[in-house]
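I have placed the structure first, in the form of structure tokens, so that the comments after it can refer back to it.
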Amino acid sequence: MDLVFGKMLDNLIIIGAILFCLGIYTVITRRNAVGILMGVELMLNSANLNFVAFSKFRWGMPDGQVFVIFVIILAAAEAAVALAIILSIFHNFGDIDVDTKDLLKE
Amino acid sequence: MTAGQILFNVVFYFFALLTILSASVVAFSRNILHSAFALLFTFWGVAGLYIFSDAQFLAAAQVLIYVGGILVLILFAIMLTHRNPREDSGQESNQSSSVILASGITVLVYIALLAVYLPVNWSGKAASYGTMTTEMLGTALTRNYLIPFEAVSMLLLAALLGAAYLARRK
Amino acid sequence: MYDIINYFVTNVKILQSIPFWMVQAAFMLAGCGAVLGVAALFAGVGSVVERNIAGRIQARYGPNRVGPWGWMQFLADGIKLVLKEDLIPDASAKMPFRLAPYFIFTVAFAAFIVVPFSQKLQIADLNIGILYIISVSSIVVIAILLAGWSSGNKWSLFGAMRSAAQIISYEVPVTITILAVIMMAGTMSMQEITAGQSGGIWRWFIFRYPLFTIPAFLVYYIASIAEVNRTPFDIPEAESELVAGYHTEYSSMRFAMFMMSEYVNVLAVSAIAVTMFLGGWQSPYPGHIFPGIWSNIEGLFWFFSKTFFLVFLMMWIRWTLPRYRVDQLMDLCWKVLLPVSFINLFGICAWMLLA
């Protein structure tokens, strides 16, 4: 069904592009490590949205949705490990400000 | 336009705006907890957009895993590493040079993405699988994509062990 | 719900002059309002019934002064709570503090959309019904964390973290048991799960492969008691240990929201257990007595009797058993319920394939 501002596929891709760019902005700008992780999650969500949109409106096969399942699973695994690392850093350094953690050896 | 079409448009653009506005709060907010809360609404918005693309199982799985799993992890991490609850300890770089650089990169990436997408004529075949059912997803996972499926379960086991090992107190 | 709408539109001629989408929207809203009313009424009456049951178990009377047999006690409690001062502590984060009770309340109600109360009485028959319920009930964790953290009180934070850890741990046996039921039914739609149990009491899923489905029901029931933070798993709200856990700092109507959402959660998990294992609205005898449209009333009667029995069982357990320690609670989940639910899943799968 066509929408007011064009086809559904165009709308979904533009939303995905905006989400991706906001994710990049979050990753570059944030000083808190958990904030950077949130930016990465935004980028993964935008890629998922792209996959699902193309799977339905262009490709016509469920393969895109299978890929999205894999991406969601991988995002969960990555978030778990990333947060474990962040907690380790917090125990060792006292804060998680990534701007101050820029030397390999203290 | 019929009333059905109006309703369709209204609901779709509601979810689209929800997603984009929450993502903006995630990106531009100074308070990390407000960002986490806005991330919740972003995930809900994306789940709503999945339903418009005939991916109901994915919408429920997105809410279940992202909101019920990843966001809970993020909230735990924020609460365990929160130093000054009321003082703005500079959650983002205040230097204008880094903000300008970040904005420049963001705009460039956006233009690049649209430059790749817009010139192509995407009108092609419509959906050829009828209505998506969970059974089709299950069939695809266990027939065509069996090896990635097993590999991902191994990876989850490795991630579980790794996270438990890394986060232990010495 | 579409059958109800079609029935009314074809029989009541005046509705045919209104555009169909308006009729549909009005019926959906009315249905949601009815379910909201029933659940909220249960939250109130349930609190009085619980106190009466608690009294009888402890060899004393429950509340019996306000109204006949004390059944208007919840109105008195409601009026008292509304008239209390709404304290917002200075050390709290204001916006999440105000938002959290309504979050929990909304999520507790959202599970009722797919519960089939009778053959035709269901608000929306999603084809991913059970998965929707699992996903919606995992949002409760976020709301509890938000409530505990935004109180600005370290006891609230401890209670919230314990509660969140408990809920996400017990979600795993719940999900595996639900997976076993989905395998037996072949579908995720709640109405079709109920329809797959038709034909009398011995066709209910709990008696289908008795060696594995009876433990599966018990695992689901115990894990869902832990999900709703009821005794013996109510460490997060333990009055004697953590003041009142994550709702320490809440007063008046916000506190009432937490209390109501607990009872609505109890009703929701009992309704889901009934639908999945005990045959939903099916009667213990095959077929139905009342003809035509009145069989809905019969289905409604059986659904509510089974649900209220499970709710009574939950209240009985609450006032009989002592509380678990946090490490005992986690041990129970990961060392007992999870292996048992895996064994049930494989046993049901093997039995289905071999029989």
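Proteins get letters first, then strands, A, B, ... in listed order; numbering begins at 1 in each.
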Self-check item: Proximal component of Tyr165(B), with respect to chain A [non-hydrogen, under 4.5 Å]
Solution: neither

Exercise. Select one option (side chain, backbone, both, neither) describing which atoms of Leu83(A) are under 4.5 Å from chain B's heavy atoms.
Key: side chain

Quiz item: Which bit of Ile105(B) is near chain A, if near means a heavy-atom gap under 4.5 Å: side chain, backbone, both or neither?
Solution: side chain

Self-check item: Which of Val52(A), Ile89(A), Ile96(A), Ile86(A) touches chain B most, by non-hydrogen pairs under 4.5 Å
Solution: Val52(A)

Exercise. Decide side-chain contact (heavy atoms from CB on, under 4.5 Å) for Phe20(A) and Tyr110(B); before the verdict, give the C-alpha distance in whole Å, the side-chain angles of both, and the deciding distance to 0.1 Å.
Key: CA-CA 8 Å; Phe20(A) 190 77; Tyr110(B) 186 67; over 6 Å; no

Self-check item: chain A contact via Phe52(B) - which portion, at a heavy-atom distance below 4.5 Å
Solution: both

Exercise. Specify which of Leu19(A), Leu22(A), Val34(A), Thr26(A) makes the most heavy-atom pairs with chain B at under 4.5 Å.
Key: Leu22(A)

Quiz prompt | Minimum-distance pair of heavy atoms, taken over all atoms of Leu12(A) and Ser53(B) | solution = CD1-OG, 3.5 Å

Quiz item: At a heavy-atom separation under 4.5 Å, does Ala33(A) approach chain B through its side chain, its backbone, both, or neither?
Solution: neither

Exercise. Please state whether the side chain, the backbone, both or neither of Tyr66(B) comes within less than 4.5 Å of a heavy atom of chain A.
Key: side chain

Exercise. Check whether Ile65(B) gets within reach of chain A through its side chain, its backbone, both or neither, counting any heavy atom under 4.5 Å.
Key: side chain

Exercise. Could you check Gln62(B) against Asn48(A) for side-chain hydrogen bond (donor to acceptor under 3.5 Å, both in side chains), going step by step and ending with a plain yes or no?
Key: CA-CA 10 Å; Gln62(B) 154 108 356; Asn48(A) 283 347; 4.7 Å; no

Quiz item: For chain B, which of Ile14(A), Asp95(A), Asn11(A) has the most heavy-atom pairs under 4.5 Å?
Solution: Asn11(A)

Exercise. Report the option among Leu74(A), Val66(A), Leu87(A) that has the most heavy-atom pairs separated by less than 4.5 Å from atoms of chain B.
Key: Val66(A)

Quiz item: Relative to chain A, which segment of Ser103(B) carries a heavy atom at a distance below 4.5 Å: side chain, backbone, both, or neither?
Solution: both

Self-check item: Contacting region of Ala36(B) [heavy-atom separation from chain A under 4.5 Å]
Solution: both

Exercise. Looking only at non-hydrogen atoms, find the nearest pair between Met38(A) and Ser35(B) and report the distance.
Key: CE-CB, 3.5 Å

Quiz prompt | Leu114(B) portion near chain A, given a 4.5 angstrom heavy-atom threshold | solution = side chain

Practice problem: Count the heavy-atom pairs under 4.5 Å between each of Ile24(A), Val68(A), Ile69(A), Ile72(A) and chain B, then report the option with the highest count. | Solution: Ile72(A)

Self-check item: Atom pair CD/CD1 of Glu41(A) and Ile70(B) - distance to nearest 0.5 Å
Solution: 4.5 Å

Quiz item: Between Phe67(A) and Tyr145(B), is the ring centre distance below 6.0 Å?
Solution: no

Exercise. Could you check Leu3(A) against Phe8(B) for side-chain contact (heavy atoms from CB on, under 4.5 Å), going step by step and ending with a plain yes or no?
Key: CA-CA 8 Å; Leu3(A) 292 166; Phe8(B) 188 82; 3.8 Å; yes

Self-check item: Contact class of Ile74(B) relative to chain A, heavy atoms under 4.5 angstrom
Solution: both

Exercise. Assert yes or no for the condition that the ring centre distance of Phe70(A) to Phe149(B) is strictly below 6.0 Å.
Key: no

Exercise. Check the pair Leu42(A) / Leu39(B) against side-chain contact (heavy atoms from CB on, under 4.5 Å), numbers first and verdict last.
Key: CA-CA 8 Å; Leu42(A) 276 183; Leu39(B) 196 63; 4.1 Å; yes

Quiz item: What part of Ile13(A) lies closer than 4.5 angstrom to a heavy atom of chain B: side chain, backbone, both or neither?
Solution: side chain

Quiz prompt | Best-contacting candidate, Leu9(A), Leu37(A), Val27(A), Ile85(A), against chain B by heavy atom pairs under 4.5 angstrom | solution = Leu9(A)

Quiz prompt | Residue Thr42(B) versus chain A: region with a heavy atom under 4.5 Å | solution = side chain

Quiz item: Do side-chain atoms of Thr81(B) reach the backbone of Phe90(A) as a donor and acceptor pair under 3.5 angstrom?
Solution: no

